[in-house]
K.L.:
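Sharing a structure with you now.
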2 protein chains.
Amino acid sequence: MDNNKIISSAVIRRLPRYYRYLGELIEGGIQRISSNELSSKMKVTASQIRQDLNNFGGFGQQGYGYNVKSLYDEIGKILGIDRTHNMVIIGAGNLGQAIINYKDFEKRGFIIKGVFDNDMRLEGKIISGVSVMMIDKMTDFIKENNIEIVALTIPKKSARELGKIVADAGVKAIWNFAHTDLNLPDDVIVENVHLSESLMRLSYTIANMSKE
Amino acid sequence: MDNNKIISSAVIRRLPRYYRYLGELIEGGIQRISSNELSSKMKVTASQIRQDLNNFGGFGQQGYGYNVKSLYDEIGKILGIDRTHNMVIIGAGNLGQAIINYKDFEKRGFIIKGVFDNDMRLEGKIISGVSVMMIDKMTDFIKENNIEIVALTIPKKSARELGKIVADAGVKAIWNFAHTDLNLPDDVIVENVHLSESLMRLSYTIANMSKE
DNA sequence: TAGATTGTTAATCGATTAACAATC
DNA sequence: TAGATTGTTAATCGATTAACAATC
């Protein structure tokens, strides 16, 4: 595998979906699959599957197809979930709590080490085993606990401010749920989840399907 | 504007972001903007902005630029948020509650008419003015209240089942937060929010930025 | 009018699909 | 070996960027 080749984001966007389907095949006890079979399950072209995978190496075998388990593991490695990532949540509201309670993230190696909030009434509260701390303790906590990822589940104004602070504290990536762009230096990774944009795309499709 | 032209999904994906930036310009009291100024704010090319907008009509004026307020309104119309949409949530957990509590959706015309759950202890509970009902009342409720959109904030197994049920009940679109594809007939719109895929993309970027 | 900026065509770039030789 | 299916090249399709004439 050529580690330096830059992979297009279109390919990266599809990898987690391959990973999910392969996981389900494993659960179903399937050991091998051809690009053609996977193609019909996932509703993408077999050609695309083979092209995508070959960006990372020849994981298949002619005449046989792909070994489900080993392809699953390879994609896991590519996605960087063959190791753990320490994470904190900023914002102990419903959305922050939803992320903490959703146990699958932890299963994939995303370890939630703490939740921060500025509501003093929440200080010391335990949410699903994770304790709520005040924002002023955050920078130290990030440095001492080797935190790589911060999830921002707070309103946009605070998100912009705290985004800067955690970037300065040295986190590698921000998972941003606030409805704003963060405008941080290029060495800080930002992955946005803009729910309102998703809902507007849905609304667009409603408006334009009905037309025909 | 040519109502029948099919607009590429790449363009649609960008529209809500234009809408957001224009909204902020309005708040800031800005009345006109050129594609060049907007380009540097949004970090996309001016050419792309002009191309995107011209899919829907000539909203600008040579030598002047775009009127912020009227462009905002036009994009709102295109996105179908110039009218209201009735919506229900299935799943009264943290994620469902987060959506109910987030008042911006309501402001944009997405009216949450009810929440459904199968936990009998929640029956009749009021979450932010919206009452929790049991799943067996759902189909009737959807039909009687002209529900267009259903948000699925439940585990994947139930999501697949209830997705079919609400599709049969006649909803136009499903906003799917479950980590699965729904496989419904083509006339039902599905907009997926796969948080775990988003987190894996973030993880990929961490793994591959550190390499250089 | 002169300057600014759009709308739109043409050029480039990138992503997807098709085809098939290589090979298990 | 024969059949199946990959890996990979070539062809096509679509999206983005550049350029500039039209026009406010």
Side-chain angles (χ1 to χ4, degrees), chain A residues 1-18 21-22 25 30-75 78 201 204, chain B residues 1-18 21-22 25 30-75 78 201 204:
Chain A
M1 154 165 42
D2 179 354
N3 273 322
N4 294 328
K5 190 174 147 199
I6 285 175
I7 309 294
S8 91
S9 68
V11 174
I12 305 310
R13 234 178 291 126
R14 288 189 289 267
L15 286 181
R17 188 157 177 266
Y18 292 134
Y21 272 84
L22 290 164
L25 289 171
I30 310 293
Q31 285 174 25
R32 62 164 286 274
I33 194 155
S34 68
S35 56
N36 238 303
E37 290 171 281
L38 192 55
S39 150
S40 63
K41 271 189 204 297
M42 296 187 61
K43 288 165 190 161
V44 297
T45 63
S47 206
Q48 182 165 75
I49 293 172
R50 295 203 298 276
Q51 283 279 24
D52 282 355
L53 297 179
N54 265 85
N55 280 298
F56 305 99
F59 299 139
Q61 193 170 84
Q62 282 100 330
Y64 172 84
Y66 298 87
N67 178 288
V68 174
K69 180 68 171 74
S70 79
L71 183 56
Y72 179 81
D73 289 342
E74 289 291 348
I75 295 179
I78 294 163
R201 284 191 291 270
Y204 173 87
Chain B
M1 154 164 45
D2 180 352
N3 273 321
N4 294 327
K5 189 174 148 199
I6 286 175
I7 309 295
S8 91
S9 68
V11 175
I12 305 311
R13 233 178 293 127
R14 288 190 289 267
L15 285 182
R17 188 156 178 266
Y18 292 134
Y21 272 84
L22 289 165
L25 289 171
I30 310 293
Q31 285 175 24
R32 63 164 283 274
I33 194 155
S34 69
S35 56
N36 239 302
E37 289 170 281
L38 192 54
S39 151
S40 63
K41 271 187 204 296
M42 296 187 61
K43 288 165 191 163
V44 297
T45 63
S47 206
Q48 182 165 75
I49 293 173
R50 295 203 298 276
Q51 282 279 22
D52 281 354
L53 296 179
N54 265 85
N55 281 298
F56 305 99
F59 299 139
Q61 193 170 82
Q62 282 99 328
Y64 172 85
Y66 298 88
N67 179 288
V68 175
K69 180 67 174 75
S70 80
L71 183 56
Y72 179 82
D73 289 342
E74 289 291 348
I75 295 180
I78 294 164
R201 283 191 292 270
Y204 173 87

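Chain letters run A, B, ... following the sequence lines, proteins first and then strands; every chain starts at 1. For clarity, every value in this text was computed on a predicted model and none was experimentally measured.
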K.L.:
Just verifying a value: how many Å separate B:Q51 CD and B:R14 CZ, rounded to the nearest 0.5 Å?
P.N.:
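The CD atom of B:Q51 sits 10.0 Å away from the CZ atom of B:R14.
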K.L.:
Can you name the nearest heavy-atom pair linking A:I75 to A:L15, along with the distance?
P.N.:
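Heavy-atom minimum between the residues: CG2-O, 3.9 Å.
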K.L.:
Identify whether any heavy atom of A:R13 sits under 4.0 Å from a base atom; if not, whether one sits that close to sugar-phosphate; answer base, sugar-phosphate or nothing.
P.N.:
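A:R13: no heavy atom of the nucleic acid under 4.0 Å.
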K.L.:
Looking only at atom types and distance, does a side-chain atom of B:R32 sit under 3.5 Å from a main-chain N or O of B:Y64, one as donor and one as acceptor?
P.N.:
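Yes, because the side chain of B:R32 sits within donor-acceptor range (under 3.5 Å) of the backbone of B:Y64.
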K.L.:
Taking only heavy atoms on the protein side, list every residue of residues 44-54 of chain B lying under 4.0 Å from any atom of DNA chain D, sorted numerically.
P.N.:
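DNA chain D contact set from residues 44-54 of chain B: B:T45, B:S47, B:Q48, B:R50, B:Q51.
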K.L.:
Mind checking the CG-CD1 spacing from B:N54 to B:I49? Nearest 0.5 Å is all I need.
P.N.:
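Going from the CG atom of B:N54 to the CD1 atom of B:I49 covers 12.0 Å.
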K.L.:
Give, for atom CG of B:L22 and atom NZ of B:K69, the distance between the pair rounded to the nearest 0.5 Å.
P.N.:
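Separation between the atoms: 11.0 Å.
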K.L.:
Work out which heavy atom in B:S39 is nearest to a heavy atom in B:V44; give both atom names and the distance.
P.N.:
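For B:S39 versus B:V44, the nearest heavy atoms are OG-O, 2.9 Å.
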K.L.:
Give the first and the last nucleotide of DNA chain C, reading 5' to 3', that has any atom under 4.0 Å from a heavy atom of chain B.
P.N.:
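Both ends considered, the range comes out as C:dA4 to C:dA10.
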K.L.:
Hey, could you give me the CG/CD distance between B:N67 and B:E74, rounded to the nearest 0.5 Å?
P.N.:
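Result: 10.5 Å between the selected atoms.
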K.L.:
Select from A:A10 and A:Q61 the residue whose nearest nucleotide in DNA chain C is closer to the 5' end of that strand.
P.N.:
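Final value for this comparison: A:A10.
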K.L.:
Verify the distance criterion only: is there a donor paired with an acceptor across the side chains of B:Q48 and B:T45 at less than 3.5 Å?
P.N.:
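Side-chain D/A pair, B:Q48 to B:T45: absent.
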K.L.:
Using heavy atoms to find the nearest nucleotide of DNA chain C for B:N36 and A:R14 separately, return the residue whose nucleotide is more 5′.
P.N.:
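That would be B:N36.
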K.L.:
With pairs defined as Watson-Crick or G-U wobble and both distances under 3.5 angstrom, please note down DNA chain C as a dot-bracket string, | for pairing with another strand.
P.N.:
..||||||||||||||||||||||
K.L.:
What heavy-atom pair brings A:Y204 and B:I78 nearest, and what distance separates the two atoms?
P.N.:
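For A:Y204 versus B:I78, the nearest heavy atoms are CD1-O, 3.2 Å.
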K.L.:
To the closest 0.5 Å, what do you measure between CZ (A:F56) and CG (A:L71)?
P.N.:
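Separation between the atoms: 11.0 Å.
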